[in-house]
Amino acid sequence: MQNVLSIVKANVNDLYLREYLLYLKSDKGARPKTLIGYEADLRRFMNHFSTRDVLELRQQDIREYKFSLVDAGLAPRTVNRAISVIRSFYEYFVDHDDYAIAKNPAKHIQGMKVPKTVPITLGEQQAKTLLDGIMLTGRYAVRDYAIFATFLFTGVRVSELIALKTYDVNFEEGYIHVRDGKGGKDRVIPMIPQLANALQLYLQNGIVYEEIQKKKRKSRHEINRYRCGRKYFVTDEDDQTLFLTKYGKPYSEKGIDWLFKSYAKKLGIYKDGLSLHALRRSCLTFLHKQGVDLFVLREISGHARVQTLEHYLAIDTSKVMDAMKRHPLHSHQLDHGLVEMVRSR
DNA sequence: GTGTTCCTAATGCTTATACT
DNA sequence: AGTATAAGCATTAGGAACAC
C-alpha cells in the first residue's frame, strides 16, 4: 500500500515539476542552464518527500528540508539556492488558481548567512609565467598560447571562449565578437596587437619558427609545440570553431579547465581554488589597477547591459582600446630568446 | 598513458529586487 | 542611495569512460 501511494504521489509531483519547468521555459524564457539547475534542485526536493503531494506541504516541512540540507553538509549558498528555487516553484502554483494551494510554504524560510570570500586571482608575474611556460613546454604551444592569451587579454568566460568562431575575430577592426554570453548577451572586446598576433599565428599557419616550415608534415601526429595552428587540427567537417582539440572537435568547458590546471600545476602556479574564472578576474584586476575606470571595465567584461553590437558601437571604442593598452602584459611578446633555449634541449 | 569527453552534484558569479 | 538577499545563469570538480 505504501508503495502504491508513493508511486501515485511521485507521479503527481512529476506533473507539477514538468508544468513548472515548461512555464519557466516558455513564459519566463529561462536559459537552458537555469532549467537544468532548477530541475535538479526540485527533483532532490521531491525525492525527499516522495510519499507526499508537494503542494500539500507546510512551512514546517520546508524548514525541515532546509535543515536536512544543512545537515548533509551543503554550503550556505547551495542551501539558499535550493530554497529559492522551491519558493519560486510554489509561487507559480499559488498564482495559478487551478491548484488548491493558497499560500507559499517556502515564503518565509530564511536564507543562511553566506560568508564573504576573497576571490582568487593570478598575479602579474604568474600570468607571465603561464604564457611563457606554455611557449616553452606546451605540447601545442601555439594553440594553447592563443587560448590563454585570449583569456588574459579579454577576460572572456570559458563558455564564451569555446563558442568563439573564426569569424568572430576581426583583425581589421581589432575586436573579438562574443555572441550569446551569459544571459544571452552579445558584446565586442577590443583586441590589443599582442593578442591579435597570437591569434593570427594560430590561424594563419601556426608555425612558430620559420625554419620549421621547411620540414614536411607527414601526419597529424606531427602536430607539436611549433606546428599547432588551427589548420592542423581541422578534420573533415569544419564548423569554424576557433579553438579545436587535437581530435578536431570544439572544446568542452571541462577540456579547457583540464588544460589550464595541468599547465598551472606544471608551472608551479597552481593554488587551491585557482580556476579559469580566476583568469577573467585577473584580467579585470590588472586593468583596474592601471586605473581603468569602471565604466570601461564593464564594457570589456560584458557586465554593462550592452545587448547588441549596434549598442556597443555607440560607445567610444578608442577609449576602450587605450584602456587595453594599459594592460600590464600588453607588451608581452613571443620571446625569440626562448627559441634558443627550447632548441638546445 | 595522455588528452578529452560525459555525467552530475556542488557552488560561484551577476543581475534584479527589496529593505532600510 | 546603499546594502542585503533572492533569483537567475554559469562554472567547478570528481570520477568514469573512451579515443588515440
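The chains referred to below are lettered A, B, ... by the order of the sequence lines, with proteins before strands, and numbering in each begins at 1.
- Between A:Ser159 and C:dT11 there is a side-chain polar atom (N or O) within less than 4.0 angstrom of OP1 or OP2.
- For the OP1/OP2 pair of C:dG8 and a distance below 4.0 Å, the side-chain nitrogens and oxygens of A:Arg81 include no atom meeting the criterion.
- Checking side-chain atoms of A:Asn13 against main-chain N and O of A:Val54 turns up a donor-acceptor pair under 3.5 Å.
- Minimum atom distance to the side chain of A:Arg157 is reached by B:dT14, of the listed C:dT12, B:dT14, C:dC9.
- Candidate nucleotides C:dG8, C:dT11, B:dT11 were compared by shortest atom distance to the side chain of A:Thr78, and B:dT11 ranks first.
- In this structure, A:Ser252 does not reach the B:dT4 phosphate: none of its side-chain N or O atoms is under 4.0 Å from OP1 or OP2.
- In the interface, the side chain of A:Lys254 is paired with the base of C:dG15 through a donor and an acceptor atom under 3.5 Å apart.
- Toward the 5′ end of DNA chain C lies the nearest nucleotide of A:Val85, the other residue of the pair A:Val85 and A:Lys33 mapping further downstream.
- Taking the six-membered ring where the residue is Trp, the centroids of A:Tyr202 and A:Phe243 are separated by under 6.0 Å.
- Going from atom CZ of A:Phe260 over to atom P of B:dG3 covers 17 Å, rounded to whole Å.
- Along DNA chain C, the nucleotide nearest A:Ile109 and the nucleotide nearest A:Ala30 are compared for position; the residue whose nucleotide lies closer to the 5' end is A:Ile109.
- Phosphate proximity of C:dG8 to A:Thr34: absent, as no side-chain N or O sits under 4.0 Å from OP1 or OP2.
- Rounded to an integer number of Å, the gap from OH of A:Tyr92 to C1' of C:dG8 is 19 Å.
- The side chain of A:Asp257 has C:dA13 as its nearest neighbour among B:dT4, C:dA13, B:dT11.
- DNA chain B is contacted by no residue of residues 64-72 of chain A, taking any non-hydrogen atom closer than 4.0 Å.
- Of the listed nucleotides (C:dT12, B:dT4, C:dA7), C:dA7 has the atom at the smallest distance from the side chain of A:Ser84.
- Taking only side-chain nitrogens and oxygens, A:Arg280 never comes nearer than 4.0 Å to OP1 or OP2 of C:dA10.
- Nearest nucleotide to the side chain of A:Tyr251, out of B:dT5, B:dT11, C:dT12: B:dT5.
- An OP1 or OP2 oxygen of C:dA7 is reached within less than 4.0 angstrom by a side-chain nitrogen or oxygen of A:Arg87.
- Atoms NZ (A:Lys246) and P (B:dT4) sit 6 Å apart, rounded to a whole Å.
- Listed pair A:Tyr247 / C:dC20 fails the phosphate criterion, with no side-chain N or O lying under 4.0 Å from OP1 or OP2.
- For the pair A:Lys103 and A:Val94, the tightest heavy-atom approach, listed with the atom from each and the gap, is C-CG2, 3.8 Å.
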